[in-house]
There are 2 protein chains.
Amino acid sequence: MWLGKEEMGLSNLDESIEQSSLKSNTYTISDLAKEYDITPRAIRFYEDQGLLRPVREGRQRVFSEGDNVRLRLILRGKRLGFSLAEAKEIIELYDMDSGDERQLVYFLEKIEQQRLNLQRQQQDIKAILQELKRVEKRVKRELQEIRHK
Amino acid sequence: MWLGKEEMGLSNLDESIEQSSLKSNTYTISDLAKEYDITPRAIRFYEDQGLLRPVREGRQRVFSEGDNVRLRLILRGKRLGFSLAEAKEIIELYDMDSGDERQLVYFLEKIEQQRLNLQRQQQDIKAILQELKRVEKRVKRELQEIRHK
DNA sequence: AGTATAGTTGACGTTTACGTAAACGTCATG
DNA sequence: CATGACGTTTACGTAAACGTCAACTATACT
């Protein structure tokens, strides 16, 4: 069954109603595409790769709030240079289902690894920011000299 | 002319001498490859893309200390998910030659842009680290429950 | 002289992350 | 009812960043 405009009424009004309606929020593919400024194609690709698991209503994808969160994680990861496979690793931590003890310990190890990776990234950022500072000083000095004449 | 082993003498000894010999340090392609654990092919590719400018001694590449620094910048950038083109932007800031006022102002703008990008990355990292913390708590709680029984 | 060791230049292959086009289904509106 | 807006699958195309030969060259070792 379609979530057509008939059921939605005046879209603007209803959007706010939907947003505030508890948590059972659902999204169409273009909802998410617009929200994060990516193409539907990308979203379908993420599903192909097992990063999103929208429910089907007929053939159409219906995305849950969980999918929304996962997508946000994916895009954060991408901005940090993660591959989709790496983003998947984090997502799988995010929505793992509590397994046995071995599983849980394994998860803790994974988490620690991720933490270390991210901390190295923080160091890299700090290093580059310092480089930028140095360059900035140089540039400003040269500007002063030029303007002083 | 080759910097063969004849001129280098006992390599171990000479390495330390070279390292401390002021600043006119030079590197072969495999020196750098080993130092940063990448392949010569990658280094040649970076040169192709205009990120490195080794001098030629005959046909062989001779890398300067500046090239070393640039390479370090490239790899930091890569770890942060920068494309080579983006890394190049930063490198060009790093070794720009003081131009006219317009140029300098332009550089300052570039620097500010880079700073903003890096700050967004810092936010992304913070967000993911918090996610990891939450997941970690969950996992530890579940572990407690299992072990409590 | 012969072999080993580094280095060189093509040139084609590969992976990742989508873009793009074709061909089609479904509603709801004029 | 046909037209548009939005959705679908299938399949081929592409840019980036190297990997992987191949074929060659220059020095060094025995």
Side-chain angles (χ1 to χ4, degrees), chain A residues 1-11 14-15 26-52 54-63 67 71 73-89 91, chain B residues 1-11 14 26-63 67 71 73-89 91:
Chain A
M1 193 226 272
W2 250 77
L3 279 174
K5 291 206 171 157
E6 203 164 45
E7 291 100 308
M8 290 186 60
L10 297 171
S11 58
D14 253 357
E15 263 179 41
T26 67
Y27 309 83
T28 75
I29 197 169
S30 45
D31 285 345
L32 292 180
K34 273 176 201 163
E35 180 162 357
Y36 295 109
D37 195 31
I38 58 183
T39 66
R41 175 69 178 91
I43 296 180
R44 292 190 195 104
F45 186 74
Y46 299 154
E47 185 188 358
D48 270 13
Q49 305 305 304
L51 293 154
L52 297 177
V55 166
R56 296 303 177 109
E57 215 154 72
R59 7 174 33 195
Q60 297 211 186
R61 293 163 174 82
V62 178
F63 296 88
D67 288 314
L71 185 49
L73 278 176
I74 295 169
L75 298 177
R76 274 205 199 102
K78 292 208 63 183
R79 285 198 296 272
L80 296 174
F82 293 14
S83 70
L84 291 187
E86 291 167 328
K88 195 177 176 184
E89 290 242 313
I91 285 179
Chain B
M1 194 225 273
W2 250 76
L3 278 175
K5 291 208 171 155
E6 206 163 44
E7 291 100 310
M8 291 185 60
L10 297 172
S11 57
D14 253 359
T26 67
Y27 308 84
T28 76
I29 197 169
S30 45
D31 285 344
L32 292 180
K34 274 175 200 164
E35 181 163 357
Y36 295 109
D37 195 32
I38 58 183
T39 66
R41 176 67 178 90
I43 297 180
R44 292 189 195 107
F45 185 74
Y46 299 154
E47 185 188 358
D48 271 12
Q49 304 305 303
L51 293 156
L52 298 176
R53 302 187 192 291
V55 166
R56 296 305 176 109
E57 217 154 71
R59 359 173 40 187
Q60 297 210 187
R61 294 163 173 83
V62 178
F63 296 88
D67 289 314
L71 185 49
L73 277 176
I74 295 170
L75 298 177
R76 273 205 200 102
K78 292 209 64 184
R79 284 198 296 271
L80 296 174
F82 292 14
S83 69
L84 291 186
E86 290 167 328
K88 195 177 177 184
E89 291 243 311
I91 285 178

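When reading the values below, keep in mind they use all heavy atoms of this one structure, side chains included, and skip hydrogens, waters and symmetry mates. We name chains A, B, ... by the order of the sequence lines, and we start the count at 1 in each one.
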Whether Glu86(A) side chain and Ser83(A) backbone form a donor-acceptor pair below 3.5 Å: yes

d(CG, Leu71(A); P, dA17(C)) in whole Å: 15 Å

Members of residues 73-80 of chain A that approach DNA chain D, where some heavy atom sits under 4.0 Å away: none

Residues from residues 38-49 of chain A lying under 4.0 Å of DNA chain C - heavy atoms: Thr39(A), Arg41(A), Ala42(A), Phe45(A), Tyr46(A)

Asp37(B) atom CG: more than 12 heavy-atom contacts under 6.0 Å: no

Check: Ala33(B) main-chain N/O paired with Ser30(B) side-chain donor or acceptor under 3.5 Å: no

Candidate nucleotides dG7(D), dT8(C), dA17(D), ranked by approach to the side chain of Ser83(B) - the nearest: dA17(D)

Distance, nearest 0.5 Å, that separates CD1 of Ile43(B) from CG of Leu32(B): 5.0 Å

Whole-Å distance separating the CD1 atom of Ile29(B) from the P atom of dA26(D): 18 Å

Validation row: Leu52(A), Ile74(A) side chains within 4.5 angstrom (heavy atoms): yes

Non-hydrogen side-chain atoms of Phe82(A) and Leu73(A) separated by less than 4.5 Å: no

Main-chain N/O of Asp31(B) paired with Thr28(B) side-chain donor or acceptor, under 3.5 Å: yes

Between C1' of dT5(C) and NZ of Lys34(B), the distance in whole Å: 11 Å

Distance below 4.0 Å between Arg61(A) side-chain N/O and dG7(D) OP1 or OP2: no

Position toward the 5' end of DNA chain D (nearest nucleotide), Arg59(B) or Phe82(B): Phe82(B)

Value in whole Å for how far the P atom of dA6(C) lies from CZ of Phe63(B): 16 Å

Non-hydrogen side-chain atoms of Gln49(B) and Lys88(B) separated by less than 4.5 Å: no

Check against side chain to side chain contact (heavy atoms under 4.5 Å, CB included), Leu71(B) and Ile38(B): CA-CA 11 Å; Leu71(B) 185 49; Ile38(B) 58 183; 4.2 Å; yes

side-chain N/O Thr28(A) vs dG7(D) OP1/OP2, d < 4.0 Å: yes

Gln60(A) CD to dC6(D) P, straight-line distance once rounded to whole Å: 12 Å

